Asks: 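I have a structure here, written as structure tokens, and I will follow up with some questions on it.
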Amino acid sequence: MTENSRPLDLLNSAKGKTVLIELKNGRSITGKLIAFDVHINVTLENSEEKQNGDTLRKLGNVFIRGDTIILISPTV
Amino acid sequence: MTENSRPLDLLNSAKGKTVLIELKNGRSITGKLIAFDVHINVTLENSEEKQNGDTLRKLGNVFIRGDTIILISPTV
Amino acid sequence: MTENSRPLDLLNSAKGKTVLIELKNGRSITGKLIAFDVHINVTLENSEEKQNGDTLRKLGNVFIRGDTIILISPTV
Amino acid sequence: MTENSRPLDLLNSAKGKTVLIELKNGRSITGKLIAFDVHINVTLENSEEKQNGDTLRKLGNVFIRGDTIILISPTV
Amino acid sequence: MTENSRPLDLLNSAKGKTVLIELKNGRSITGKLIAFDVHINVTLENSEEKQNGDTLRKLGNVFIRGDTIILISPTV
Amino acid sequence: MTENSRPLDLLNSAKGKTVLIELKNGRSITGKLIAFDVHINVTLENSEEKQNGDTLRKLGNVFIRGDTIILISPTV
Amino acid sequence: MTENSRPLDLLNSAKGKTVLIELKNGRSITGKLIAFDVHINVTLENSEEKQNGDTLRKLGNVFIRGDTIILISPTV
């Protein structure tokens, strides 16, 4: 990453890849990152709610409101 | 979905279909998505409050304020 | 409702009718919807605080600040 | 109230009269409504903190920050 | 106070006088009101944290961020 | 301080001096005030987390996000 | 640091270095600071969640939403 990179660059480079999203209510959701905007509103495909590595439930396509998000991490 | 998709595209494509909405207070509401705006204020028809797949009560038409919403998922 | 409807349309059509408003603190208020604005600030006439269908107290005319509102549902 | 009324109309008509204000922290304050603005910042004269109809303490003149307010109701 | 008074008028008239400020975390601070702005950020001189009329500690000059404030009351 | 002082004047006059900052999560941090902005974002040098006058840990240079701050008090 | 420094200067000077970030939910994350913006949205490389100096888990690249951040401290 360069001297002039911006935080959203990481999200741009993660489009089409699987990301882990942690929410303010303590829940974790993984899925393929489809889109995001400046509010960090996010849409995922094939999303699943996770707990300790286990799948709690499948959510499929999902829109997550940005103000509920703590962090987004591309998974390897 | 394309390279340039935006988060609200998912909501646009879900108009007229049944969605699951999870709220910050832990409640879940399902209903037919009628309208939304940039604040993610949403209106639903034939909405019901749900718990573990059971219907707690029927709400009918409902306006949900965007800042109370965690996620919106179109149901299959 | 049409393809181009907006969330506030539901509130507009509910003016002059009885609505149920649920607040973030867990309380429910019913009353005749008189006015609302883009912040979802709302005024009601003949309002009552409700619990499980029972009237806890009568509030009469009331102004409710929008950021305390979870949902608004026109009652049949 | 007319078709085109706005939520702040109720507060305007309550100026100079006694109102009940309920706060997000569960407290209630009554007093004569002197002024308000678009943030719903409010000033009261002869204000008192109330609980179950009893006066907990007299506050006199008070400025209340709008974002702490749930509802404002003119008392008869 | 006149028909056209605004909420900040009360704070203006309280400049140089002792005020009681109650915070969202349940604490109370008194002091001489020096300045405020539209966010209700406030500075006090000779401020003290109070509990039931007793002084918990002296804070001297203090800047209080507006969004932590519930109410401000000039003390007689 | 003059009739026309503003809340940020106190912070300006405290630059280069030691201040006490209390946070919404109940913690206290002291340090030399280096910079602040209109959001009350703050940077300190030689900062320490304090509890009852004792140093819990040294933080050195630190950026504190404004919306986590309750109050800032220059220490004598 | 000079008389005219701004809070974001500290973050600029920390780019490419390891920082400690403390979040409102009580968690701590360390990593190499790659980018930040005016909302204090931040991206880190080689990030780890820490507790009492121990690594709870490795997060790698991570985007952290600014409004969840309490403080950012460059580590020596």
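Chain A is the first sequence line, chain B the second, and so forth, proteins listed ahead of strands; every chain is numbered from 1. Computed from a prediction, not measured in an experiment: that's the story for all the values here.
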Asks: Checking heavy atoms, do the side chain of D:D9, its backbone, both or neither come under 4.5 Å from chain C?
Replies: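 Contact with chain C is absent: no heavy atom of D:D9 under 4.5 Å.
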Asks: Roughly how far, to the nearest 0.5 Å, is the CD1 atom of D:I69 from the CZ atom of C:F63?
Replies: 8.0 Å
Asks: Nearest 0.5 Å, please: how far is OG1 in C:T43 from CD1 in C:I64?
Replies: 9.0 Å
Asks: Can any side-chain N or O of D:T75 pair as donor or acceptor with the backbone N or O of D:T18 at less than 3.5 Å?
Replies: yes
Asks: Under 4.5 Å, heavy atom to heavy atom: which of residues 48-60 of chain C reach chain D? Give them by number, or say none.
Replies: C:R57, C:L59
Asks: Side chain to side chain contact (heavy atoms under 4.5 Å, CB included) between C:F36 and D:R6: does it pass, once the steps are laid out?
Replies: CA-CA 6 Å; C:F36 65 89; D:R6 297 161 302 167; over 6 Å; no
Asks: Using atom types as modelled and distance alone, determine if a side-chain donor or acceptor of C:S13 lies under 3.5 Å from a backbone N or O of C:L10.
Replies: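 Yes, because the side chain of C:S13 sits within donor-acceptor range (under 3.5 Å) of the backbone of C:L10.
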Asks: Roughly how far, to the nearest 0.5 Å, is CG of D:L33 from CD1 of D:I72?
Replies: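 One gets 7.0 Å once the value is rounded to the nearest 0.5 Å.
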Asks: Is a side-chain donor or acceptor of D:R65 paired with a backbone partner of D:H39 at a separation under 3.5 angstrom?
Replies: no
Asks: Suppose a student defines contact as a heavy atom less than 4.5 Å from any heavy atom of chain C. Which residues in residues 19-29 of chain D would they list?
Replies: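 Within residues 19-29 of chain D, near chain C: D:L20, D:E22, D:K24.
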Asks: Who among C:D37, C:V62, C:V42 has the most heavy-atom pairs with chain D under 4.5 Å?
Replies: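 Most heavy-atom pairs under 4.5 Å with chain D: C:V62.
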Asks: Examine distances only and state if a side-chain atom of D:S73 and a backbone atom of C:N61 form a donor-acceptor pair shorter than 3.5 Å.
Replies: yes
Asks: Between D:I70 and chain C, with a heavy-atom cut-off of 4.5 Å, which part of the residue counts as in contact: side chain, backbone, both or neither?
Replies: both
Asks: Keeping the roles fixed (side chain from C:N41, backbone from C:G66), state whether a donor-acceptor pair exists under 3.5 Å.
Replies: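 Answer holds: yes.
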Asks: Taking all non-hydrogen atoms of both residues, which atom of C:P74 and which atom of C:A14 are closest, and how far apart?
Replies: CG-CB, 4.0 Å
